[in-house]
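Working notes, beginning with the structure itself.
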Amino acid sequence: MPEAEMPRVAMPGSEGWAGGTPGGEAPRAVEEAYRWWRAGRPFARATVVDTWRSSPLPPGTSMLVGPDGSAVGSVSGGCVEGAVYELAQEVIASGTPVLQRYGVSDDDAFAVGLTCGGVIDIHVERIDPTGFPEYGEVAAAIRAGAPVAEVTCVAVDGPDPAGRLGRRLVVRPDSTTGSLGSERLDAAAAQAARGMLAGGRTGTLRHGYDGRRLGQELTLFVSAHAAPPRLLVFGAVDFAAALARIGGFLGYRVTVCDARPVFATRRRFPEAHEVVTDWPHRYLRAEAEAGRLDERTVVCVLTHDPKFDVPLLEVALRLPLGYIGAMGSRRTHEDRLRRLRERGLGEDRLARLASPIGLDLGARTPEETAVSIAAEIVADRWGGSGTRLTSRTGSIHPAAGG
């Protein structure tokens, strides 16, 4: 079908997303927390703010302890949950935030510690309408999938006459609410937080009392609740259906795109958030121009047809995307590279292409192939080698900080 005759048709799926936000609680937990907050019932939130060496969960992971004693979420995969739960109840009662470090177990076999050998810092705070009046705004943004960041002062090195410990600033792309204690500090923290929010990054900042970036007195934790990263699957084939399933499971917002309307249907891809009928390269270019792609975006090309995948890959490889992979045999791969070189792409851009796509798992079925592709995406994101853990020594979990 000629490109000019191909309309762009999108069939949206669920408006929410599976999995947790990059900066904290999963959407269902946010709903429950919002009900507590709206009812004026204080609850505690324990958040991983930093890690060293091996650590089971990354910064931004949260556990909520409700006013009814319930616990939602996890901060260590089970290693220190009991100790954090007890601390959370103390913080609910006192209202004083605590930054607690948990590390390797000592000689006492019953001591609290991480059996995996890592060290984590966990910030525990009480949340209620008086202490955190902006929480309703944050919860609403998370539920709507709108970008928002919380900046919290979790530690003060030295005296704190201005009472900055525990103060919060809520940062949106175009506005802020709350305060960390001074206009200069708010401005500096907001600028840094917006940069982290744009990339979906959560982590700590160090600033001086007056906002100086070279200062070390204040430790600020930025919890970035960004919209979920996107997984764009091009090619309405059986492999795409399996990849859409596993992509949603991993927390991606999944789009399946194909230029053939008879194949690009909601019935064939019920687990995709969006099914689009359009020429792949035209759709990708339009999404980039609209600002809907970022460095977390994953592109998987399953089309097997040069008239679709070569123009698409030419656009993709010129964009700052997180991962670009293409399915096909080694002969197909070599033919693609030749065609892309003829279109002016240099070796530095071609080196970004994962082709043939996926890790060597011996996959045969579409579902097994989807696991292979997803495994490569995860390894690429976190710097994993893709080798068997039993053949390696040292840390299992890559350090996320320190």
Side-chain angles (χ1 to χ4, degrees), residues 17 19-34 36-37 43-51 55 57-65 72-76 84 88 91 97-100 120-128 131-155 164-173 175-180 185-186 188-207 218-229 251 294 296 400-402:
W17 66 89
T21 61
E25 313 99 288
R28 283 190 295 273
V30 171
E31 294 288 350
E32 189 164 11
Y34 177 69
W36 293 332
W37 178 86
F43 64 94
R45 180 173 63 183
T47 305
V48 178
V49 299
D50 217 341
T51 67
S55 58
L57 295 172
T61 308
S62 295
M63 181 175 77
L64 305 180
V65 176
V72 181
S74 175
V75 288
S76 71
V84 173
V91 169
V98 175
L99 182 64
Q100 181 66 51
I120 57 176
D121 279 351
I122 296 178
H123 181 251
V124 185
E125 58 190 330
R126 185 174 76 178
I127 295 179
D128 57 51
F132 194 174
E134 302 86 6
Y135 185 77
E137 171 189 342
V138 173
I142 294 173
R143 287 153 54 197
V148 63
E150 297 176 57
V151 185
T152 306
C153 182
V154 298
R164 289 186 171 86
L165 184 64
R167 282 180 172 264
R168 305 180 184 89
L169 181 70
V170 176
V171 180
R172 290 177 173 274
S175 65
T176 62
T177 53
S179 178
L180 295 168
L185 178 59
D186 290 347
Q191 182 180 21
R194 288 191 177 106
M196 297 174 70
L197 186 58
R201 298 188 303 273
T202 284
T204 56
L205 303 171
R206 298 298 296 272
H207 281 281
L218 305 178
T219 301
L220 309 178
F221 180 68
V222 181
S223 181
H225 303 276
D294 60 30
R296 303 173 299 152

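Keep in mind that the numbers below use all heavy atoms, side chains included, and drop hydrogens, waters and symmetry copies. Residue indices begin at 1 and follow the sequence shown.
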[X] versus [Y], closest heavy-atom pair with distance:
X: Arg164; Y: Leu180; result: CG-O, 3.4 Å
X: Asp186; Y: Leu169; result: O-CD2, 3.6 Å
X: Ala46; Y: Ile122; result: CB-CG2, 3.9 Å
X: Gly251; Y: Pro228; result: O-CB, 3.5 Å
X: Gly195; Y: Arg201; result: O-NH2, 3.4 Å
X: Val124; Y: Ala44; result: CG1-CB, 4.5 Å

Please check if any side-chain donor atom of Glu125 sits under 3.5 Å from a side-chain acceptor atom of Thr152, or the reverse. no
Check: Thr47/Ser62 side-chain N/O donor and acceptor closer than 3.5 Å: yes
In Å and rounded to the nearest 0.5 Å, what is the [atom1] to [atom2] distance from [X] to [Y]?
X: Asp50; Y: Thr219; atom1: CG; atom2: OG1; result: 9.0 Å
X: Asp121; Y: Thr204; atom1: CG; atom2: OG1; result: 9.0 Å
X: Ser223; Y: His123; atom1: OG; atom2: NE2; result: 11.5 Å
X: Arg168; Y: Leu220; atom1: CZ; atom2: CG; result: 13.0 Å
X: Leu185; Y: Arg167; atom1: CG; atom2: CZ; result: 9.5 Å

Side chain Trp37, main chain Phe132, donor-acceptor under 3.5 Å: yes
Main-chain N/O of Pro173 paired to Arg194 side chain as donor or acceptor, under 3.5 Å: yes
Is the closest side-chain heavy-atom distance between [X] and [Y] below 4.5 Å?
X: Thr51; Y: Pro59; value: yes
X: Val151; Y: Met196; value: no
X: Leu64; Y: Glu32; value: no

Kindly assign one of parallel, tilted or perpendicular to the pair Tyr135 and Phe43, based on the angle between their ring planes and the thresholds 30° and 60°. perpendicular
